[in-house]
Chemist: 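Okay, handing you the structure first.
Keep in mind that what you see is a predicted model, and the values were worked out from it rather than measured. Just so we're on the same page: letters track the sequence lines, and every chain starts at 1.
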Amino acid sequence: MLKREVVAKTHEIPPGGRKLITPWKGLAGIGIFNIDGQFYALRNLCPHRLGPLCVGQVSRRVVADEPLRDAHEALPFEPEGEVIRCPWHLWEFDIRTGQCLVDPRVHVKTYPVQIEGDTIIVECEQI
Amino acid sequence: MDPLASQPVLAASWRTYVADRVAVVDCDVHQIVRDFDQLLPYLPRYYREQVADQGFLIPSSGYFSAPKRASRTDLAGDDAGENYDGRHIGWDFDLLVREHLDAWKIDQVLLTGGSVYNASILPDADYAAALCRAFNDWTIEHWTARDPRLKAAMAVSTGDPNLAVREIDRIAARSDVVAVLLPSGARVPYGSRCYHSIYEACQRHRLAVCIHPGAEATGMAGSPTGVGYPTYYLETRMARSQMAMAHCASLICEGVFERFPSLSFAFLEMDQFWVPGFLWKMDADWKSLRQQTPWLKQLPSETFRKHIRIGSQPMVEPEAPNQLEELWGAMHAEETLIYCSDWPHFDWDDPAMAYQRVPEKMRLSVFSDNARILLGLPMAERLETKC
């Protein structure tokens, strides 16, 4: 049984912003992220050690096809695809998919987000 | 001396185990230069004149080692060591053949040098390269050319990588040269970009890179430990694991195996007890710090299992026997472990003792196949004779 949880008005979470909600008392809650106008929701619970994932640093994935050859090369960030780094142990997750970037077996739970007018709604379990 | 005196207790059990007909590869056997003057014919005149009155300046350990040149005295005296005559049995080609290769039916041996490979950290890179070249020529003439079971890990000087590459290109095509030997003591850890041209040459010639204790705290090498210079030899032995871990972490982080995907390293006599903890810890920390080395596409432990091998000597002696199997399970020893005797040193591991401890399902890998793959030796040859 899903319930619809009203998160915020869209203007309250500008691009690059986030909001944490706790639809269930005493549990980890959900983080809602605005990435370039698209909203994504992740459980605020890192599958690694149960840290508060959604309060971590949001950044881009750093990529390199091969080891650096000289100090003048700068490591490039991927052009898109925001990642969040859990504040406990820094595991990275793709915010759009919940996929963990350092262990392919690991996902963080994601939730569907709906925009109705100017209201952000997350569908989550009824507890 | 009775030829069996060197293996008085274990010889009987070894005859039993040889019935398995595993063609043993021993990846750590030392050929010692009796007198550095033996190298003079292989040096250019310029250096011959210098060493004539100033010595060879070959770095050795700055510590007192074990007594009697750290060698087995049971083979060095007239009376089973009672009357040790000052020899180092590592000088003696005939003794190696009779008391090691023949006595224990060793099929292939990797010669890991006298102390000359320590020239790698001499300040004068040109002299260091000349010394390594002389030592390699001496090794070929006096050891590998005399017995087809002997293969050489060649010395190179890392002081000038271009000279190391030149030496590799000079002799690596020989079938009796199968590896490059580097001392654990170094200016910077072995993953550093400054060594990569050497690794390119090794990959091109299919040479493994072997790292063996040596040169730490001498020449331009750093301290054996991360906290400074210890006082006693025992402490430096305990520091081998630190040096091995530092080199391993460096090789993985610097992307040596991304850049040279068919290159392999072996850590000989650098202990093995550290491997499981190292793998667990480095995997965990890499997951946190992936961003700093994004060229690493797989877990450090996966890279280690593909590219790094560990010498079995000195054998671990755990509190309870079953802990040995647990250790080897955790370090994937069926892939990573290679048998080493460390002939002719006092702390050697004879084949029989080592063989009995290795679980049956791993024996062929540890005593033969892993080393053959590492060194590019012909595979799966079993001894023809039964005992």
Side-chain angles (χ1 to χ4, degrees), chain A residues 33 35 42-109, chain B residues 161-162 165 188-203 209 247-265 277 279-308:
Chain A
F33 297 83
I35 308 293
L42 305 176
R43 179 181 284 178
N44 183 30
L45 190 70
C46 182
H48 175 219
R49 298 277 193 89
L50 311 185
L53 173 65
C54 294
V55 302
Q57 180 195 15
V58 175
S59 184
R60 288 263 170 85
R61 187 182 166 105
V62 177
V63 293
D65 289 336
E66 58 175 28
L68 294 186
R69 287 181 188 275
D70 64 68
H72 300 295
E73 287 182 64
L75 283 173
F77 286 85
E78 271 187 334
E80 58 180 22
E82 263 65 13
V83 300
I84 184 155
R85 291 197 191 97
C86 180
W88 295 5
H89 315 101
L90 306 179
W91 282 29
E92 295 169 320
F93 295 81
D94 186 326
I95 291 176
R96 296 165 303 181
T97 64
Q99 172 68 52
C100 176
L101 300 184
V102 296
D103 188 333
R105 299 166 301 184
V106 174
H107 286 76
V108 62
K109 183 172 176 54
Chain B
N162 292 328
V165 170
V188 289
Y190 280 130
S192 167
R193 244 177 272 154
C194 67
Y195 302 109
H196 286 199
S197 59
I198 300 174
Y199 302 154
E200 189 280 326
C202 289
Q203 176 172 268
V209 184
H247 287 310
C248 267
S250 172
L251 290 168
I252 293 171
C253 283
E254 301 259 11
V256 167
F257 303 112
E258 272 68 25
R259 183 152 289 164
F260 308 107
S262 60
L263 189 65
S264 292
F265 274 68
L279 297 180
W280 298 338
K281 168 71 175 163
M282 195 164 178
D283 278 359
D285 281 7
W286 175 79
K287 289 174 183 172
S288 295
L289 302 171
R290 186 207 65 82
Q291 190 187 16
Q292 295 183 1
T293 54
W295 45 85
L296 302 182
K297 305 302 185 206
Q298 56 187 359
L299 291 172
S301 62
E302 293 171 323
T303 301
F304 186 102
R305 286 170 65 180
K306 270 187 209 160
H307 296 280
I308 295 177

Chemist: Any side-chain donor paired with an acceptor under 3.5 Å for B/Ser192 and B/Glu254?
Modeler: no
Chemist: So, do B/Phe265 and B/Phe260 have ring centers that fall under 6.0 Å from each other?
Modeler: no
Chemist: In the structure I gave you, are the side-chain heavy atoms of B/Phe304 and B/Leu251 within less than 4.5 Å of one another anywhere?
Modeler: no
Chemist: Considering all heavy atoms of both residues, which atom of B/Leu279 and which atom of B/Ser301 are nearest to each other, and what is their separation?
Modeler: CD2-CA, 3.9 Å
Chemist: Given side-chain contact (heavy atoms from CB on, under 4.5 Å), test B/Ile252 with B/Met282 step by step and report yes or no.
Modeler: CA-CA 10 Å; B/Ile252 293 171; B/Met282 195 164 178; 3.6 Å; yes
Chemist: Between B/His307 and B/Phe257, what is the ring plane arrangement, given parallel below 30°, perpendicular above 60°, and tilted in between?
Modeler: parallel
Chemist: Give, as side chain, backbone, both or neither, the part of B/Leu296 having an atom under 4.5 angstrom from any heavy atom of chain A.
Modeler: neither
Chemist: Verify side-chain contact (heavy atoms from CB on, under 4.5 Å) between A/Asp103 and B/Lys287, making sure each step is shown before the conclusion.
Modeler: CA-CA 8 Å; A/Asp103 188 333; B/Lys287 289 174 183 172; 3.8 Å; yes
Chemist: Based on non-hydrogen pairs under 4.5 Å, which of B/Lys297, B/Gln292, B/Arg259 is most in contact with chain A?
Modeler: B/Arg259
Chemist: Any residues in residues 76-93 of chain A near chain B, with a heavy-atom distance under 4.5 Å, and which are they?
Modeler: A/Phe77, A/Arg85, A/His89, A/Leu90, A/Trp91, A/Glu92
